[in-house]
Amino acid sequence: MNYIILDLEWNQADDLKTKLESELTFEIIEVGAIKLNSEYMQIDSFHELIKPQVFNRMNQVTGELIHISMRELENCRNFCEAASDFLRWCGDDYIFCTWGNVDLTELQKNMDFYHMPGLSKKPIKYYDVQKLFSIAFEDKKKRRALQFAVEFLNIKEEVAFHRADADAFYTAKVFKKVAAAEGVLKNYSFDTYRLPKNKAEEINAVFEDYAKYISREFINKLAAMNDKDVVSTKCFLCGAKTRKKVPWFSNNGRNYYSVMVCPRHGNIKGKIRMKKSVNDKIYVVKTMKQVNMDTVNDIIMKRNQLREGRRERRHRT
DNA sequence: ACAAACGTGCCAACCTGTAT
DNA sequence: ATACAGGTTGGCACGTTTGT
């Protein structure tokens, strides 16, 4: 299997009127990619600028960032031609790798805008190199700009950042470093531009010390929280029934937390995130993670503080 | 029976940091 | 500039529990 390290640059409206008129918020104007084989050796590269069809002026902030002028794009091919060629170039046995979690969504949005055949009907499995960098070298949660990672890893800065070919090149360099770290490549991600359509397509991914569940769509939060798979607290490692130490609670209606105890695997923290999908429906991302007593106490404190805060506020008014 | 207090869900507003 | 993720805060609405 090959690794396709992909980076896109896009433009957007530069005034309110244009923004309101356009169905596409971000228009892709550059594609850069590096193809690595299964040994992480570079075997090919792809680079193409794209002639815009939606925005004919460069957004000022974007223009200063990516240093591309509209004149450079005048004689380029349009998105459909470039994207079709790019996808052909990718081949049929690959996994995408991107810096951050945005590019695959924007790629699919642009493809949908031009009514191209979809990349996938389901969530796409890929590597978020920004996340892998955090897992390999930082705290697993922090998200850094690409330049930080390049400097952190003492990678030679040969070309300017924020161009698709340059950033794909640097991302590939960082990817090679994180791939060399033991176990890091087990931590794949899912792009959720396309959601699971039914129970069978729902995602249950088990990693070394955590698990991720991505649900199908529900009409509202209540429906989601009434689904037994969504609120299930079975141990993600052995499937055993757990004791609920802290039942699901929420501070803001978006995140729900819980603590359960597996007889074999100890304390497990559960977190449910409510996410909005298109047409005002919602879906759920649930993560389960083995945690120590300190974390358990943090969650209990969080819940108590929440109650405390509410009580105080009531007394004040 | 009634009102106050409490617990909870939900939302808007705001924050930081990242992407272009 | 827009959009997103993830977080906090405060207020509103509602149902339940508690005190009298």
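So you know, we letter chains A, B, ... as the sequences are listed, proteins then strands, and number each from 1.
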Exercise. Once you round it to whole Å, what is the distance between P of dG7(B) and CZ of R303(A)?
Worked result: 11 Å
Exercise. Counting only side-chain N and O atoms of W99(A), is one of them less than 4.0 Å from OP1 or OP2 of dA19(B)?
Worked result: yes
For this session: Report the distance from atom CD1 of I272(A) to atom P of dG7(C), rounded to the nearest whole Å.
Result: 14 Å
Exercise. dT20(B) P sits how many Å from N110(A) CG, rounded?
Worked result: 14 Å
Exercise. Between I282(A) (CD1) and dG9(B) (C1'), how many Å, whole number?
Worked result: 13 Å
For this session: Check whether more than 12 heavy atoms from other residues, nucleotides or ligands sit under 6.0 Å from atom CD of E158(A), and answer yes or no.
Result: yes
Problem set entry | dC4(C) phosphate, OP1 or OP2, under 4.0 Å from Y193(A) side-chain N/O | no
Exercise. Listed by chain and number, what are the side-chain contact (heavy atoms from CB on, under 4.5 Å) partners of K173(A), not counting sequence neighbours?
Worked result: I155(A), F169(A)
Problem set entry | Of the listed nucleotides dA19(B), dT8(C), dT20(B), the one nearest the side chain of E9(A) | dT20(B)
Seminar exercise, completed: Expected list for residues 53-71 of chain A near DNA chain C, using heavy atoms below 4.0 Å, is N59(A), V61(A)
For this session: Can you tell me the distance, in whole Å, between the NZ atom of K271(A) and the P atom of dG7(C)?
Result: 3 Å
For this session: Would you kindly say whether K131(A) and N187(A) are connected by a side-chain donor-acceptor distance under 3.5 Å?
Result: no
For this session: Can you tell me the distance, in whole Å, between the CG atom of D15(A) and the C1' atom of dT2(C)?
Result: 13 Å
For this session: With heavy atoms under 4.0 Å as the rule, sort E106(A) into base, sugar-phosphate or nothing.
Result: nothing
For this session: Measure from the side-chain N and O atoms of S45(A) to the backbone N and O of I34(A), and report whether any donor-acceptor pair falls under 3.5 Å.
Result: no
Problem set entry | Pairing of R216(A) and E201(A) as salt bridge, 4.0 angstrom limit | no
Problem set entry | Interatomic distance, K131(A) NZ vs dA19(B) C1' [rounded to whole Å] | 17 Å
For this session: Check every strand shown and say whether D7(A) touches a base, only sugar-phosphate, or nothing at a heavy-atom separation below 4.0 Å.
Result: sugar-phosphate
Exercise. Which nucleotide sits closest to the side chain of R273(A): dT8(C), dG6(C), dA19(B)?
Worked result: dG6(C)
For this session: Give, ordered by number, those residues of residues 139-148 of chain A having at least one heavy-atom distance below 4.0 Å to an atom of DNA chain B; if nothing qualifies, reply none.
Result: R143(A), R144(A), A145(A), L146(A)
Exercise. How would you label the contact of Y257(A) with the nucleic acid (heavy atoms, under 4.0 Å): base, sugar-phosphate, or nothing?
Worked result: sugar-phosphate
Exercise. Is the shortest side-chain N/O distance from N101(A) to OP1 or OP2 of dA5(C) below 4.0 Å?
Worked result: no
For this session: Name the nucleic acid region contacted by D103(A), choosing base, sugar-phosphate or nothing; use a 4.0 angstrom heavy-atom cut-off, strictly under.
Result: nothing
For this session: Give me the residues of residues 157-173 of chain A where at least one heavy atom lies under 4.0 Å from an atom of DNA chain B, by number, or none.
Result: H162(A), D167(A)
Problem set entry | Distance in angstrom units between K302(A) NZ and dG7(C) P, rounded | 6 Å
Exercise. With the threshold set at 4.0 Å, does a side-chain nitrogen-carboxylate oxygen contact exist between E138(A) and R144(A)?
Worked result: yes
For this session: Determine whether the side chains of T18(A) and D15(A) contain a donor N or O and an acceptor N or O closer than 3.5 Å.
Result: yes
For this session: For the pair F86(A) and W89(A), name the ring-plane relationship: parallel under 30°, tilted 30 to 60°, perpendicular over 60°.
Result: parallel
Under 3.5 Å, which donor-acceptor pairs do the side chains of residues 109-118 of chain A form with other protein atoms, sequence neighbours left out?
unit_1: N110(A); atom_1: OD1; unit_2: I28(A); atom_2: N; d: 3.1
unit_1: N110(A); atom_1: ND2; unit_2: F26(A); atom_2: O; d: 3.0
unit_1: N110(A); atom_1: ND2; unit_2: E106(A); atom_2: O; d: 2.9
unit_1: D112(A); atom_1: OD1; unit_2: R194(A); atom_2: NH2; d: 2.9
unit_1: D112(A); atom_1: OD2; unit_2: Y193(A); atom_2: OH; d: 2.6
unit_1: D112(A); atom_1: OD2; unit_2: R194(A); atom_2: NH1; d: 3.3
unit_1: D112(A); atom_1: OD2; unit_2: R194(A); atom_2: NH2; d: 3.2

Exercise. Going by distance alone, is a donor N or O of one side chain under 3.5 Å from an acceptor N or O of the other, for Y283(A) and T192(A)?
Worked result: yes
Exercise. Looking at dT20(B), does its base get a donor-acceptor pair with the side chain of Q12(A) below 3.5 Å?
Worked result: yes
For this session: May I ask you to check whether E202(A) and Y213(A) show a side-chain donor-acceptor distance below 3.5 Å?
Result: yes
For this session: Assign R254(A) to base, sugar-phosphate, or nothing according to its heavy-atom contacts below 4.0 angstrom with the strands shown.
Result: base
Show me the donor-acceptor pairs within less than 3.5 Å that the side chains of residues 294-303 of chain A make with the rest of the protein, sequence neighbours left out.
unit_1: T295(A); atom_1: OG1; unit_2: N292(A); atom_2: OD1; d: 2.9
unit_1: N297(A); atom_1: ND2; unit_2: M293(A); atom_2: O; d: 3.3

For this session: Please determine if a side-chain N or O atom of K109(A) lies less than 4.0 Å away from the OP1 or OP2 oxygen of dA3(C).
Result: no
For this session: With K125(A) as the cation and Y188(A) as the aromatic partner, state whether NZ or CZ is under 6.0 Å from the six-membered ring centre and within 45° of the axis.
Result: yes
